[in-house]
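Whatever order the structure lists ligands and atoms in, that order sets their numbers, starting from 1. Predicted model, so just to flag it, every value in this text is computed and none were measured. Numbering starts at 1 and runs along the sequence shown.
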Amino acid sequence: MWKSLVLGAAALLTAASANAATATWSAGNGHSYEVVLFGNGSSLTWEQSRDAAAARSFGGQTGHLATFTTKDEWAFVTGALNSAKHDLFLGATDTEAEGIWKWVVGPEAGTLLSDGYTAWNRGEPNDHGRGGEDYLAGWSYGRNTGWNDMPGRHTAIKGYLVEYGSVAPVPLPAALPLALAAIGALAGLRRLRRG
Ligand SMILES: [Ca+2]
Ligand SMILES: [Ca+2]
């Protein structure tokens, strides 16, 4: 019960910051993942999403656009993503050399996608269209999940996926007052808006 209260407060805190965050999940690898939607019909480029992800933090960890190294990691996130149902920017590009896909953020920065697990959808990457497609996006709609190379901005992409490194569990006696303070702060925000 305490655990869910603390996690709930953390999710609320994230949701109260810029953009619309839908959830934060923790995987067996100790990493946490968060969907941030652009919201209100706005859209960010891949570069803006990369910078926005790097400006976020959770559990004392700085965020980065999500990078994937194992099938388990992608499976975990797509399981959690089923409620999100959006195309989201991920942390890879082939802007340096067409067709050479690299993770460019987080601990895997500089690593070739071809050296690890990939979840390309059938026929992707295809560098589709006149301007080409140099940025990685991923999605999960039920059992239909995969990766696609996309332009740096596209109406189908509704947000970005943030990954946070290993999060040290916060001891409960310290976490509980924090959670209550967070709830109190949010209540204060609501009162201000009404006033
Ligand atoms: Ca990762
Ligand atoms: Ca494509």
Compare every heavy atom of Tyr135 with every heavy atom of Trp101, then report the nearest pair and how far apart it is.
-> CH2-N, 3.5 Å

Are Trp139 and Asn144 close enough that a side-chain donor and a side-chain acceptor fall under 3.5 Å?
-> yes

Distance only, no hydrogens: is a donor on one side chain within 3.5 Å (strictly under) of an acceptor on the other, for Glu133 and His128?
-> no

At the Ca ion (ligand 2): angle between Asp149 atom OD1 and Asn148 atom OD1, to 10 degrees | 90°

Looking at Glu133, pick out the N, O or S atom nearest to the Ca ion (ligand 2) and give its name.
-> OE1

N, O or S atom within Glu124 nearest to the Ca ion (ligand 2), by name | OE1

Is it the case that Ser32 and Ser26 place a side-chain donor and acceptor less than 3.5 Å from each other?
-> yes

Take the Ca ion (ligand 1) as the vertex and measure to O of Thr67 and OE1 of Glu163; round to 10°.
-> 80°

Nearest-0.5 Å distance that lies between atom OH in Tyr160 and atom CD in Gln48 = 10.5 Å

The Ca ion (ligand 1) - name of the N/O/S atom of Glu73 that sits closest to it = OE2

